[in-house]
Novice: 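Here it is: the structure, laid out below.
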Amino acid sequence: MIHNLTTDAQVNHRSIRKFKDQNLSKEQLTTLYKVFQHTSTSMFMQNASLIHITDADKKKKIQELCNQKYVGAEGDLFIFVVDLYRNQQIRKQLGQDDGRVHTTDIFFQAMEDTLLAFQNVANAVESMNLGYVALGTINDHPKAMLKELDLPKLTFPVLGMQVGVPDQKPQLKPRLPLKFSCFENEYNKDFDVKDLADYDQIVTTYYDLRDANRRIDSFTKQITGAKLNNHETDRDELPELLHKQELCLDWK
């Protein structure tokens, strides 16, 4: 592997869930905005927006919806948003119909823009010796989150990011060996769960030795556990809510 400041930071990424009581400086915030702005974008449509949450009441409500106490606490909270509203308004105000903005194809392109922007910002965060945690939980209760963020039609929150000065040094979580996830030319369908025995032991040891939230667990146990078992959650409303936001209307 080639080692430099960027690759070493990426390979050694740790999610930070405890931050010092210190907000980003104006210079740091502007830097993250500029990095977001200059992310690659499909067809130059720039179908992503970023919301910096600073209102205390709104942060508290988002924290409750995410059910994670570090959300909106110390540091800064950002929401990354698929945004087709802006381009719809451009078309509308210049005398055009909506065209393809309601299609699944364009939604996926907007998702790509938004996720690329998230990772671009994440890399910039760590380059400034800050830390972050990705917040997929912003869609645990998507209907309530849409209302709290007061988002217009043709927008949808994709991920949150809590950013700040780290106040912890968590251990590096072990990832799947490369042979299970990186392939040459074609997907390797020759998979046997027994081959994960060594990795399961590594993950079990990680959880056993972890400083916080101590538990005995393994990777395969997590995959066969409650996370993927059949049960209803508010996230099951996502397809319906996408349609209510006038997104993916060709997807039945």
Novice: Compare all side-chain heavy atoms of L249 with those of T103 and state whether any distance is below 4.5 angstrom.
Specialist: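 Counting from C-beta outward, L249 and T103 never come under 4.5 Å.
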Novice: Quick check: closest heavy atoms across Y199 and R175, and the distance to 0.1 Å?
Specialist: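 Answer, listing the atom of Y199 first, then R175: CE1-O, 3.0 Å.
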Novice: I need the I53 CD1 to E148 CD distance, nearest 0.5 Å.
Specialist: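 Nearest 0.5 Å value for the CD1-CD distance: 8.5 Å.
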Novice: Look only at the side chain of D200 and the backbone of T220, and say whether a donor-acceptor pair between them is shorter than 3.5 Å.
Specialist: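 Checking the backbone N and O of T220 against the side chain of D200, a donor-acceptor pair under 3.5 Å is found.
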Novice: Has the side chain of Q168 got a donor or acceptor atom that lies under 3.5 Å from a matching backbone atom of R17?
Specialist: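 Judged by distance alone, yes, a pair lies under 3.5 Å.
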Novice: State whether the number of non-hydrogen atoms from other residues, nucleotides or ligands found under 6.0 Å of F191 atom CZ is greater than 12.
Specialist: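 Yes - once you tally the heavy atoms of other residues, nucleotides and ligands closer than 6.0 Å, there are more than 12.
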Novice: Could you report the tightest heavy-atom contact between N47 and N87, atom names first, then the distance?
Specialist: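 Nearest pair, atom of N47 first, then N87: OD1-ND2, 2.8 Å.
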Novice: Looking only at heavy atoms, what is the nearest atom pair of Q63 and A73, with distance?
Specialist: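 Heavy-atom minimum between the residues: NE2-CB, 4.3 Å.
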Novice: Applying side-chain contact (heavy atoms from CB on, under 4.5 Å) between L154 and each of Q245, Q89, Q88, report the one that passes.
Specialist: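 In the set Q245, Q89, Q88, the residue that makes a side-chain contact (heavy atoms from CB on, under 4.5 Å) with L154 is Q88.
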Novice: Output yes when D83 and R86 qualify as a salt bridge under the 4.0 Å nitrogen-oxygen rule, no when they do not.
Specialist: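 Result for this pair is yes, salt bridge flagged.
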Novice: How far does CG of L238 sit from CD of E240, to the nearest 0.5 angstrom?
Specialist: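 Nearest 0.5 Å value for the CG-CD distance: 10.0 Å.
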Novice: Which pairs pass ring-ring contact (aromatic ring centres under 6.0 Å, His included) with one or both residues in residues 41-64, sequence neighbours excluded?
Specialist: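 Listed by first then second residue: H52-F78.
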Novice: Using side-chain contact (heavy atoms from CB on, under 4.5 Å) as the criterion, list what pairs up with K194, not counting sequence neighbours.
Specialist: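 Scan of K194 (side-chain contact (heavy atoms from CB on, under 4.5 Å), adjacent residues dropped) gives D192.
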Novice: State yes or no: are the ring centers of F19 and Y70 separated by less than 6.0 Å?
Specialist: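 Judged by ring-centre distance (under 6.0 Å), F19 and Y70 do not meet the cut-off.
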Novice: Could you grab the distance from atom CG of L159 to atom CZ of F118, nearest 0.5 Å is fine?
Specialist: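 Those atoms lie 5.0 Å apart.
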Novice: Donor-acceptor pair, T155 side chain versus P152 backbone, under 3.5 Å?
Specialist: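 Answer holds: yes.
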